[in-house]
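Here the structure is laid out as structure tokens; the discussion comes afterwards.
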Amino acid sequence: MEYNFRELEKKWQQQWKEDGVYKVPNQSGKPKFYVLDMFPYPSGAGLHVGHPLGYIASDIFARYKRLKGFNVLHPMGYDAFGLPAEQYAIEHGVHPAVSTAKNIATFRDQLDKIGFCYDWSREVNTSDPAYYKWTQWIFLQLFNSWYNRRSNRTEPIEGLVALFEKEGNAAHPVPNAQYLIPAHAGQVFSAADWSAFPESTKQGILMEYRVAYCGYGEVNWCEALGTVLANDEVVNGVSERGGYPVVKKKLRQWYLRITEYADRLLQGLETVDFSEAMKEMQSNWIGKSTGAEIRFEVRDASSSIVVYTTRPDTIFGVDFMVLAPEHELVAKITTADQKEAVNEYIGYVKSRSERERMAEKKISGAFTGAYALNPFNGKPIPVWISEYVLAGYGTGAIMAVPSGDERDHKFASHFNLPITNILGDAYNGSEANPTKDAVLSNSGFLDGMVMRDAIDVVIGKLEEMGIGKRKVNYKMRDAAFSRQRYWGEPFPVKWVNGVAYALPESELPLQLPYVESYRPGPEGEGPLANIPEWTARELETNTMPGYAGSSWYFLRYMDPRNETTFCDRQWSDYWQQVDLYVGGTEHAVGHLLYSRMWTKALYDLGLISFDEPFKKLLNQGMIQGSSRFVYRVRGTNQYVSAGLKEGYETDAIHVDVNIVDGFELDMEAFKTWKPDFADASFILEEGRYLCGAEVEKMSKSKFNTVNPDHIVDRYGADTFRMYEMFLGPVEMSKPWDTKGIEGVHRFLKKLWRLFFDEQKGKLVKDEAAKPEELKVLHRTIKKIEEDTERFSYNTAVSAFMVCVNELTDLKTHKRDVLEPLVILLAPYAPHIAEELWHQLGHTTTVLDAPFPAFDPQYLVETAKEYPVSINGKLRTQILIDLSASPEQVQALVMENAVVQKWMEGKPLKKFIFVKGKMVNVVV
RNA sequence: GCCCUGGUGGUGAAAUUGGUAGACACGCAGGACUUAAAAUCCUGUUUGCAGCAAUGCAAGUAUCGGUUCAAGUCCGAUCCGGGGCACCA
């Protein structure tokens, strides 16, 4: 009987499905464990070999935990709303629902071939009305809530209304001025005022407090895509998808008030197990800084300028001030003779696109003619405007300290402004020094003080004088939550006389209507604005962004078919947080931040019992493609081999990696690949055409994708799974390369031969195992357990190989050894393990077997001797690696052959335990 | 520019708290079985030197220096790659 993986894998995949072995009950006597993959966007291109890397890693862990006696939730679904399906619809006239359904079927088919243990009865699809009903419902919870800074919690809006009726809003000022309904910006009102306001004013005010709110703001508008993009969807001034230009535009938009959660999102990072890099990306994005707001009076004008600074200690070094060109005071304070220069400069700034501004950072600016006054010594400070000061951060105005800030220094040098040195020797006259440790000079009452200590002194003084206060700022902005698109969740919102009202819960889901055209509506509105029945009902025409459905999907898996609530509290209490979340780093500041915020809001509202969604995050690396190139001699249809291309003027052209063997091009396949190449001719080296190579992101357009189906077909799913793990650490990115796959495949065949012989048939015997065989087994148990726990799957695969090699050498065919080995292997190579398990006479799935127990007594001989110098005398140290209780260890050490030999005639000098796992014996 | 990572044979990579490098696999070379091929198995494979040989000696984890009985691992400086952020005051 030989290892027929094709037959065997097909058989078990079908059997598992029939028996429902991966169906997970919502309750059991076992402890729970939740393993989750970031669900895929079902693109038309299907899976390539890079996608399953994380899925295999999580699948191994899910199976392992099940063997360890956990009730494991391991679901899968689809993030099915989004731009690409709609772009595809525009270009090909296929309805997104149709292409999405087709893509999902392809994905499912490909996933099934790899043998994952997903509980498909829990599958979710964000574009399914039964799912987005609850996305809409959660949106309404956010819409009907406000963030109470006093209790630091999300609370129902009714409570706020009650507060307004009782005491007005003096105790609860408008949370931020980023995106406002302009008519009501920042008003303070009394209880009496409130009751006198007309309904529309009341609603306008409430909108300023809602967690999900609608306002006008500068948004990232992408003309080519016809929609607004979130900050994390814009990269270097162009759209992340498609690379189209993005401009700032003022539009009515929905937002999520994520800024109110900034501090909690930051603090929460300390309670979760994410990589340092991931935590840092998130905290950079949040961008918390502590400093002060300081008001400066303007000379000869009845205005004052409020600046934000993290360095109030440098206030005596302020040589000029800079406002953002868009700052509202610019027009007011500019003197008559500077008007022309200032207007010209503002015109210049407006003419520059976001892109240009980022690409070339020129020093530019204009003097307003106005002077502010230093509150401590009355010194006049010239006020400038410049694009290096951003309107959207802090107060849009800064106090410039050239001796301490590099940008201010460059600005001062460029415009020949005088520089005050407050740093003494720490300032060299040509370069700013941003230190906090210098001793202040030229600084009035601060002279002689260390800068770091002066910060609090200055803030105290400013507060005393009533012209400044301590202030915390965040770089993070409220998240844009609407898109002018069709293929997304409709907002359950109705507009009546310019006021947004929530749709009653009974009308959910608000279904996405069927359309023929996906053209944008008038004036930046979405395609839904083109549907008369929709606009007649006064419904919101925007749709929600891609991250809406993905912000809470991990909860839906717990209770996927519930029609009365998004997830029964009983089941979210049972499953709790995701214990292991596996996915790429690309969602660091998008999805991961949004879902953390939603979780906190739902927690505050008492809908779930935990406020961080993901306990541990494992970032898998990317599998890159290894692209191949042919070199076309310019102006011809002749192709020159890579080694000879220096002699010609050539263009490199991507060629499909599937028609290249290593580097050698299959020239006949090339000619039939595309019509353009049918009459290609070649310049060969040593009779062969060799391609050039480069490692790039795996992508259809680079012709470097490899379909996992082909690998599975040729070597089987078990080989494919183990090989992807064998390539290297899961977290590491690496180019795809099949050159080692034979070795993994050979391992499985060798394993098979421990059980079966082509002539002799079944080899397994029920004899008792010998100590050396058990030693091999227990060393493997220990290694596999440790490696699996720390996701070191590549070394685990190696450990299996070592084990099988050794058992083969020992000619071991004993059940006592082979049966535990099969269990160990079940997470990694589930099909062959299941087959062998049944061949050993079992009738239930191997996953219900208990994980083999490790017994340290078989490993005690692994002692090593080292010379060690103690108090100047050379002694010998014996190091024994084992894991057992200290008492056991002591007993084992005394029995150890090496120790006994050393003890002949002479007593132990010292006997030390080191760090629990290793034992030092000094003789 | 700032922050985070990493640098080990011909190749992918091991070495878990410092324990005496290169596990495992690929590739390559030689051999066995076979009429032959496939499959399978065995031997060798960091470098240099010595030896018919088993083997021995020396050097070696980007570079230089340090701590230690012992350093790929810890510390300091430099060089090179990968990722993130980038006028955030």
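All chains are named by letter (A, B, ...) in the order of the sequence lines, taking the proteins before the strands, and each is independently numbered beginning at 1. Excluded from the calculations below are hydrogen atoms, water molecules and symmetry mates; all remaining heavy atoms, backbone and side chain alike, are included.
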Watson-Crick or G-U counterpart of G19(B), or none if no pair lies under 3.5 Å: C69(B)
Work out how far the P atom of G66(B) is from that of G60(B), and round it to whole angstrom. 14 Å
If the condition is side chain to side chain donor-acceptor pair (under 3.5 Å), which residues does His778(A) pass it with, not counting sequence neighbours? none
Partner nucleotide of U34(B) by Watson-Crick or wobble geometry (both distances under 3.5 Å): none
Determine the interatomic distance between C1' on G9(B) and the same-named atom on U45(B); round to the nearest Å. 10 Å
Which base sits across from U8(B) as a Watson-Crick or G-U pair, both distances under 3.5 Å? none
Which base sits across from C64(B) as a Watson-Crick or G-U pair, both distances under 3.5 Å? G76(B)
Separation of the C1' atoms in A13(B) and U46(B), to the nearest angstrom: 15 Å
Given the side-chain rings of Phe320(A) and Phe411(A), with only the six-membered ring counted for Trp, is the space between their centroids under 6.0 Å? yes
Check whether any side-chain nitrogen or oxygen of Tyr388(A) sits under 4.0 Å from OP1 or OP2 of A89(B), and answer yes or no. no
Between Ser289(A) and A89(B), does any side-chain N or O lie under 4.0 Å from OP1 or OP2? yes
Glu276(A) CD - C4(B) C1' separation (whole Å): 9 Å
Both distances below 3.5 Å, Watson-Crick or wobble geometry, any strand: find the nucleotide opposite A50(B). U55(B)
Complementary nucleotide for C85(B) - Watson-Crick or wobble, under 3.5 Å: G1(B)
Glu724(A) CD to G12(B) C1', in whole Å, measures 14 Å
Distance check, P atoms only: A89(B) and A15(B), in whole angstrom units. 41 Å
Just the rounded figure in Å: distance from P of C2(B) to CE of Met281(A). 19 Å
G9(B): syn or anti, per glycosidic angle within 90° of 0: syn
Residue-phosphate contact under 4.0 Å: Lys749(A) side-chain N/O, U40(B) OP1/OP2: yes
Between C4(B) (P) and Phe274(A) (CZ): distance, integer Å: 20 Å
Where the side chain of Phe726(A) is concerned, which of A89(B), A25(B), U11(B) is the nearest nucleotide? A25(B)
Does G83(B) have OP1 or OP2 under 4.0 Å away from a side-chain N or O of Asn619(A)? no
Given C26(B), is OP1 or OP2 found less than 4.0 Å from the side-chain N or O atoms of Arg746(A)? yes
Do Phe5(A) and His745(A) have ring centres separated by under 6.0 Å? yes
Base, sugar-phosphate, or nothing for Val307(A), non-hydrogen atoms under 4.0 angstrom? nothing
I need the CD-P distance between Glu406(A) and A86(B), as an integer number of Å. 17 Å
So, do Val49(A) and Phe720(A) sit near enough that their side-chain heavy atoms are less than 4.5 Å apart? yes
I'd like the P distance from U8(B) over to U73(B), given in whole Å. 13 Å
Using the C1' atom on both, measure U68(B) against G19(B) and round to a whole Å. 12 Å
Checking Tyr308(A) side chain against Val472(A) main chain: does a donor-acceptor pair fall under 3.5 Å? no
Is the centre of the His409(A) ring less than 6.0 Å from the centre of the Tyr427(A) ring? yes
Quick one: on RNA chain B, does Met801(A) or Thr309(A) contact a more 5' nucleotide (nearest heavy atom)? Met801(A)
Among Val744(A), Val797(A), Ile741(A), Ile623(A), which residue meets the side-chain contact (heavy atoms from CB on, under 4.5 Å) test with Glu724(A)? Ile623(A)
How many Å lie between CZ on Phe5(A) and C1' on A39(B), as a whole number? 14 Å
Can you check the Asp809(A) CG to U40(B) P distance for me, whole Å? 16 Å
d(CD, Glu696(A); P, G82(B)) in whole Å: 14 Å
Watson-Crick or G-U wobble partner for C28(B), using a 3.5 Å limit on both distances? G44(B)
Would you please confirm or rule out a distance under 4.0 Å between OP1 or OP2 of A14(B) and any side-chain N or O of Asn794(A)? yes
